[in-house]
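Ligands are counted one by one from 1 in listed order, and the atoms in each one are counted from 1 as well.
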Amino acid sequence: MEQLRLTPTPHLAGTIKLPGSKSISNRTLLLAALSSGTTLVRDLLDSDDIRHMLAALGLLGVSVEQLGNSRDFRVQGVGGEFPVKSADLFLGNAGTAFRPLTAALALMQGHYQLSGVARMHERPIGDLVDALRAAGAQISYQGNPGYPPLAISPSNLRAGEVIPVKGNVSSQFLTALLMALPLTGETVTIEVVGELISKPYIEITLNLMSRFGVRVERQGWQRFVIPGGQHYISPGEVHVEGDASSASYFLAAGALAGGPVRVEGVGNNSIQGDVKFADTLRQMGVAITMGDNWIEATATGKLKAIDVDLNHIPDAAMTIAIAALAADGTTTLRNIESWRVKETDRLSAMATELRKLGATVEEGQDYIRITPPASLTADAEIDTYDDHRMAMCFSLVSLLGAPVIINDPKCVAKTFPDYFSVLATLADNTR
Ligand SMILES: O=C(O)C1=C[C@@H](OP(=O)(O)O)[C@@H](O)[C@H](O)C1
Ligand SMILES: C=C(OP(=O)(O)O)C(=O)O
């Protein structure tokens, strides 16, 4: 297994241009594919999750052309119906490809198989399948009930009824229904049963749907009505803003190693909830400045320990767990049970690896409490569990004075293949 040893860097500063947002890239590709007209998608993310979506769309008969060596792509919309009626799709571990494609394909009157890596087959999808089945979809589990792989068969959807969906395991199920159901052309009401987690991701979904001409009426987070007779129409061009979750590592680098570190590609104008990560850093005492399209973080001294609910930023929350190692006491991250069903069981993985550094960690069902050690263990070997975010957030330990070894660093390919070389471009201007 490959390992990467990161040596301590006392002071970091500089500017990073962020890669495109994963959430926006995969939603935009699917909406562009389903729309009528041609869409120029600019600054698409280049990573495994996006490659899986691109490959799936290709197999479904959608023409997507990369313009030269750029990250600009021309997508020919199919006007609501994939031309290929039988396909076997492999979607890796990309939730943003798997869940939305499941819902869209359930409406296509075809035979489709969807599978992924072993971990994807442990990530729940039952709440989405239940919602689609309640509307008449034909979906069968090919392995364990409630989990991928799935087989979809032709069916007649009864979109006229209220479609209930649970939202407490993943918001991607609601996102998937919202994006797919306008294809019925009928008025559809989706009712969220119980709590909805990760709410800001629904804002991304609704924002992009509206750019493609589909309006959703909503009552809070409980009831979403898609008026009938709407069709996705290409807006011509969509620019993918920078990835706000990826921004968290560099902003934390500024907070832990002096800064200022500036990220370009997200800011006040962002549609991603993860820009709120900057607010949590601010609560910890970090100086944050923000423009329309950039955020900058500068350390102001020792970080303050905090007790926070991070349900709204589950991905960037992992970065706060590492920042907690530099805090002046015990930090508690709450309402993050969804960590258990992501790339790995992140609550358990985070607790195990933080303990290797000497931290005292309490792991609850939906929270983690972290007390930093007097001094961090040097050269701890951090396992990354094929989880890009484990690799990226633990790389920041090297900014706290301890060399750290990251096992299997290439797992960052899911969302940020050149993460480590970009991190290395932040200058070590020791003062
Ligand atoms: O819709 C999206 O783009 C995402 C939603 C979140 O998942 P959950 O809704 O499962 O928390 C997030 O963790 C994931 O990385 C991307
Ligand atoms: C949870 C994540 O991914 P996915 O889109 O596969 O759910 C993530 O990127 O942290």
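- Between Arg389 and ligand 1, no pair of N/O atoms sits closer than 3.5 Å.
- Which parts of ligand 2 touch Thr96 is read off a 4.0 Å heavy-atom cut-off, strictly below it: atoms 5 (O).
- Residue Thr96 has at least one heavy-atom neighbour below 4.0 Å for each of these atoms of ligand 1: 2 (C), 3 (O).
- An N or O contact shorter than 3.5 Å links Lys22 to ligand 1 by distance.
- Between the side chain of Arg123 and the main chain of Val341, a donor-acceptor pair closer than 3.5 Å is present.
- Residue Asp315 touches ligand 2 through its side chain alone, judged by heavy-atom distances below 4.0 Å.
- Among all non-hydrogen protein atoms, the one lying nearest atom 9 (O) of ligand 1 is Ser171 OG, 2.5 Å.
- Within the 4.0 Å heavy-atom criterion, the part of Arg346 lying near ligand 2 is the side chain and not the backbone.
- Scanning the protein heavy atoms around atom 10 (O) of ligand 2, the nearest turns out to be Arg389 NE, 2.6 Å.
- The shortest heavy-atom distance from Thr175 to ligand 1 is not under 4.0 Å.
- A donor and an acceptor atom, one from each side chain of Ser171 and Ser198, are nowhere located under 3.5 Å apart.
- Checked by atom type and distance alone, the side chain of Thr384 pairs as donor or acceptor with a backbone atom of Asn407 at under 3.5 Å.
- Considering only non-hydrogen protein atoms, atom 10 (O) of ligand 1 sits nearest to Ser170 OG, 2.6 Å.
- Taking atom 8 (P) of ligand 1 as the reference point, the nearest protein heavy-atom neighbour is Lys342 NZ, 3.2 Å.
- For the pair Asp383 (side chain) and Tyr385 (backbone), a donor-acceptor distance under 3.5 Å is absent.
- For the pair Arg119 and Asp387, the salt-bridge criterion is not met [side-chain N within less than 4.0 Å of a carboxylate O].
- Protein heavy atom closest to atom 2 (C) of ligand 1, with residue, atom name and distance, is Tyr201 CD2, 3.3 Å.
- Under 4.0 Å is where a charged nitrogen must lie from a carboxylate oxygen, and between Arg334 and Asp309 no such pair does.
- Listed by atom number, the atoms of ligand 1 under 4.0 Å from Ser23 heavy atoms are 2 (C), 3 (O), 16 (C).
- Scanning all protein heavy atoms for the shortest distance to atom 1 (O) of ligand 1 gives Arg27 NH2, 2.7 Å.
- Short contacts between ligand 2 and Gln172, defined as distances under 4.0 Å to a heavy atom of the residue, involve ligand atoms 4 (P), 5 (O), 7 (O).
- Side-chain atoms of Arg389 and Tyr249 form a donor-acceptor pair, as typed in the model, at a separation below 3.5 Å.
- Remark: distances from the non-hydrogen atoms of Lys22 to ligand 2 include one below 4.0 Å.
- Paired with Arg27 under the rule side-chain hydrogen bond (donor to acceptor under 3.5 Å, both in side chains), one option of Thr96, Asn207, Thr205 passes, and it is Thr205.
- Taking a cutoff of 4.0 Å between a charged side-chain nitrogen and a carboxylate oxygen, Asp48 and Lys22 do not qualify as a salt bridge.
- To the nearest 0.5 angstrom, Tyr201 atom OH is 11.5 Å from Ile271 atom CD1.
- With a 4.0 Å heavy-atom cut-off, ligand 2 is reached by the side chain of Arg123 but not by its N, CA, C or O.
- Taking atom 12 (C) of ligand 1 as the reference point, the nearest protein heavy-atom neighbour is Asp315 OD2, 3.4 Å.
- For ligand 1, the atoms lying closer than 4.0 Å to a non-hydrogen atom of Ser198 are 8 (P), 9 (O), 11 (O).
- Against a heavy-atom cut-off of under 4.0 Å, Asn93 is close to the following atoms of ligand 2: 6 (O).
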